[in-house]
Amino acid sequence: MSPAAFLIRRLCGVILVILGITLVTFVTLHLFPADPARLLAGPGADDAQIQAIRRDLGVDRPLPVQYARYLRDLVHGNLGRSIQTGQPVADDLAKRLPATLELAMVTMVVYVGLSVPLGILAAITRGRWPDLLIRLVAVGGLAIPPFWLGFLLQLVLYRELGWLRQAVGRIAPSLPPPPFLTGFYLIDAPLGGDWAAFGSAAVQLVMPVTCLVLSRLGVGVKLTRTSMLEVIGSDYVRTARAKGLAERAVLARHALRNALMPVVTAFGVQLGYLLGGTLVVEVVFGWPGIGQYAIGSITAVDFPAIMSVTVVISVFFVLANLVVDVLYLYLDPRIRSA
Amino acid sequence: MRLGTLCGRAVGTLGLLGLLALAGLVAAAPAGTVTFAIPSEPPTVDPAIEVAGPGYRVLLQLYEGLLEYRGNTTELAPALAQSWRVAPDGTWIELKLRPNVKFHDGSMLDAETVKASIDRTKAVNRGGAFFLTTLKEVQVVDPMTVRLVASQPSVSLLYGLPKVFITGKARLADADRGAAFFATSGNGTGPYRLTRWEKGQQIVLDHFPDYWRGWAGNHAAQVIQRVVPAAGTQQLLLERGDAHLVVLASIGITQDPKELAAKPGMKMVETPAFRVTVISMNTQKGPLKDIRLRKALQAAFDYEGMVQVYKGYAEVPNSPIPRGFTAAYEASLPPFKRDMAQAKRLLAEAGYQGKPLTLSFIYTETEPQARLAGLLMQQSVQELGITVNLEGKPFATLAAQIANLETAPDIQATLTMTPRSADPGELLRTLYLGNNAGKSFNYSWYASADVDRLLAEADRTFDDGKRMALYREIARKLIDDAPSIWAAYPKLVEVMRDDVQGYTYSPLNYSGIFSFYPIWLRH
């Protein structure tokens with residue numbers, strides 16, 4: 001199969017998966033025994049007020065009609081109007097999503113940047129102190145709940161040591177956020193020449209990123225280590241060594257590329273999880289991302305907002321997996337020739 | 001002579017200095033930034049929608065009503081209207097507007113604007129419209145006088161006016177009646193303007209230089225409401241001085257505020273509030289339909305234990321009416337108290353002696369005191385052989401379950417009830433009006449023709465003395481009918497930095513909702 005045909009097939013799969021997710025989410029939400037109109041109307045409202053709000057929201061129509069309308073709007077990029085804020089959900093998400101994406105991307109870069117070298121180091125020093133130390137730190141991070149770790153970081157770095165001046169937010173409250181271009185402060189600030197905002201945004205990332213990385217590092221390190229150990233012990237690596245190649249060349253050229261295959265898969269899945277999994281960290285660090293938005297939406301039974309957050313996270317999850325598949329094409333020639 | 005001249009000069013100099021000091025005081029510019037850590041940002045700041053909760057925290061700074069409550073009392077006072085009079089038959093209220101009041105966009109307050117603003121609130125038909133249910137029409141009498149014509153004589157309309165905020169009319173002609181504008185911006189007459197809202201991070205309010213009350217004396221120049229969702233983190237910000245005030249939901253429930261207030265640079269403000277904790281019993285379905293069983297539960301309930309749930313910052317009630325409503329509150333009623341002998345007698349009369357009885361009890365899982373009230377109820381009735389099954393639910397599910405009599409539980413721990421109006425009729429209608437059965441907060445499904453009639457009569461009675469007598473009669477009737485257990489009168493406790501000055505308790509608002517106009521920072 002040509003790479004193009006492979007991609008088309010995978011994209012068709014992606015669309016079907018997303019359609020399935022919208023259907024399941026839609027039905028589940030509407031089976032939920034709660035009435036958004038009643039919540040919106042407030043405790044003093046009478047039945048006529050509640051009925052009027054139901055009509056406005058369109059939740060008085062049969063479920064299949066509501067779903068068909070939802071899909072029609074979705075195709076046109078209209079995610080609906082939030083019941084809570086009264087604003088288009090797309091606008092709300094456009095303000096929130098970049099915050100979560102920036103946090104997830106920076107976390108991913110640090111996570112991969114630490115997991116792979118530490119995993120390799122642990123593999124090649126197997127059983128010796130660097131291996132034991134790395135595994136101890138990695139597994140320790142896994143064992144600590146992220147909210148607790150977050151609070152611990154705030155307690156130590158913010159309150160006790162005072163190294164970090166702010167405990168919450170994307171930027172120091174005294175600084176205006178950079179003008180919106182991409183929504184990523186680390187990109188928008190330098191593009192606007194605002195280095196103070198860039199510095200503050202970078203500092204504000206320290207605690208949430210540390211928290212997210214530490215709570216996942218164990219997975220990345222152990223995966224890389226196990227995969228590396230498996231490859232190092234294989235016949236072709238033994239052959240490479242027997243040919244007299246230098247250990248560095250054996251590891252870099254022969255072992256690493258093959259060892260990375262399962263690791264890449266895991267990282268793809270981790271990226272997907274990260275988008276939905278920043279929720280707790282967003283709460284602890286007052287990070288204005290979709291996690292916080294999702295909590296507010298769930299509490300208020302804001303159907304359009306919950307649907308959209310679910311769909312957006314699913315799309316990113318599926319896309320992350322698609323990227324992994326494409327990376328496979330590059331890493332594994334067998335897939336290209338299959 | 002020389003001495004006299006010297007004295008004269010000294011007196012003159014001192015007088016001049018005094019005048020200068022006075023002038024300095026009068027001309028004192030607002031200074032400093034007060035930072036308020038809030039657990040969540042409002043979904044909207046539309047004054048026609050928000051009447052409580054996080055949005056109200058912002059609205060109180062941006063907008064004003066035609067009337068307001070005087071200080072921390074239930075007395076009505078002039079605000080945007082400088083005077084008012086009620087028709088002899090109570091069917092209209094005429095309000096003379098205050099001259100020279102500017103909106104944040106520079107436009108002036110007049111009768112046309114007031115009419116357009118109230119018409120919008122009524123048309124949006126959400127939170128603010130709750131206070132306008134009896135309003136038929138707003139008439140412009142002259143450029144500075146409006147007349148609110150009611151469909152029936154209505155005290156609730158008059159007492160609701162402090163919560164009906166007046167907006168400038170610039171955006172009211174938009175196709176959406178200003179919905180998009182008012183959701184995220186503001187145009188009121190209040191002391192602060194909304195200058196920046198960084199979604200999910202902070203709301204920045206700057207003082208409005210043309211505010212009609214002026215800026216003499218001490219005031220904050222800027223108020224920042226900073227979103228800090230985690231209670232632990234809010235506390236850290238307070239301890240470090242990065243927040244001056246916080247809304248700590250857990251204070252007085254899971255944590256003794258004294259512990260936090262004892263830390264350096266902190267203080268605690270404790271005020272009796274207009275609040276009552278209500279445990280509703282289903283009067284229309286299940287075993288509690290029997291009044292004797294409801295009274296048995298009332299008698300068995302551990303009221304002193306409930307005060308301890310609030311870490312001691314509460315009082316044992318004696319009436320469904322909170323004590324703050326001094327005119328309607330009847331101090332001579334005996335406080336509720338635990339009486340197990342009485343409970344056992346009532347249980348036997350109802351035919352449940354030695355007979356197993358299981359009751360369902362649901363509560364809002366985000367309200368720690370509601371869960372603790374449930375546990376207390378479990379313990380209180382254990383000795384009677386009654387089993388109470390507790391179930392915590394999100395508010396949305398709980399409200400839907402109670403709204404349907406088929407699914408409504410036997411008992412429900414209502415949130416701590418804070419009245420929304422300075423007239424106790426609002427609270428009593430919300431909790432006990434027959435039309436509100438299962439919704440509003442009438443979670444007891446209580447419907448009494450007598451109480452409905454008395455409530456309607458009270459709303460038609462503008463004579464304060466007569467109306468208060470009616471409320472006292474309603475309270476006694478409710479005590480007889482026992483639709484609820486009135487579990488506590490919780491106090492309001494706020495912990496703040498000790499440099500915060502001018503904080504005024506707002507009895508008719510939830511914890512952490514007050515005007516920032518009188519607040520300033522001592523340097």
Which of the residues Ala167(A), Pro177(A), Gly169(A) is involved in the greatest number of heavy-atom pairs with chain B at under 4.5 angstrom? Pro177(A)

Chain B: which of Glu282(A), Gln154(A), Lys95(A), Gln166(A) shares the most heavy-atom pairs with it under 4.5 Å? Gln154(A)

Between Asp46(B) and Arg120(B), does at least one N-O distance fall below 4.0 Å, as a salt bridge requires? yes

What part of Arg170(A) is in contact with chain B, defined as an atom under 4.5 angstrom from a non-hydrogen atom: side chain, backbone, both or neither? both

Using non-hydrogen atoms and a 4.5 Å limit, figure out which bit of Ile171(A) sits close to chain B: side chain, backbone, both or neither. both

For chain B, which residues of residues 287-297 of chain A have at least one non-hydrogen atom nearer than 4.5 Å to it? Pro288(A), Gln292(A)

Do [X] and [Y] have side-chain atoms, one donor and one acceptor, less than 3.5 Å apart?
X: Gln51(A); Y: Arg54(A); value: yes
X: Ser360(B); Y: Glu391(B); value: no
X: Thr184(B); Y: Gln87(A); value: no

Arg61(A) atom CZ, over 12 foreign heavy atoms within 6.0 Å: no

Tell me whether Asp174(B) at atom CG has more than 12 heavy atoms from other residues, nucleotides or ligands lying less than 6.0 Å away. yes

Heavy-atom nearest pair, Lys122(B) first then Leu132(B), reads NZ-O, 2.7 Å

If you count heavy-atom pairs under 4.5 Å between each of Asn442(B), Asp242(B), Val227(B), Val228(B) and chain A, which one has the most? Asp242(B)

Assert top hit (heavy-atom pairs under 4.5 Å, partner chain A, pool Arg240(B), Arg429(B), Gln202(B), Glu426(B)) equals Arg240(B)

Do the side chain of Thr195(B) and the main chain of Val204(B) share a donor and acceptor less than 3.5 angstrom apart? yes

Mark yes or no for whether Ser215(A), through its side chain, and Leu212(A), through its backbone, hold a donor-acceptor pair below 3.5 Å. yes

With a 4.5 angstrom heavy-atom cut-off, is it the side chain or the backbone of [X] that approaches chain A, or both, or neither?
X: Ser40(B); answer: neither
X: Arg226(B); answer: side chain
X: Glu41(B); answer: side chain
X: Ala403(B); answer: side chain
X: Gln201(B); answer: both

Students often mix this up, so state it plainly: with edges at 30° and 60°, are the rings of Tyr446(B) and Tyr432(B) parallel, tilted or perpendicular? perpendicular

Evaluate the ring planes of Tyr70(A) and Tyr67(A), with Trp represented by its six-membered ring, and classify them as parallel (under 30°), tilted (30 to 60°) or perpendicular (over 60°). parallel

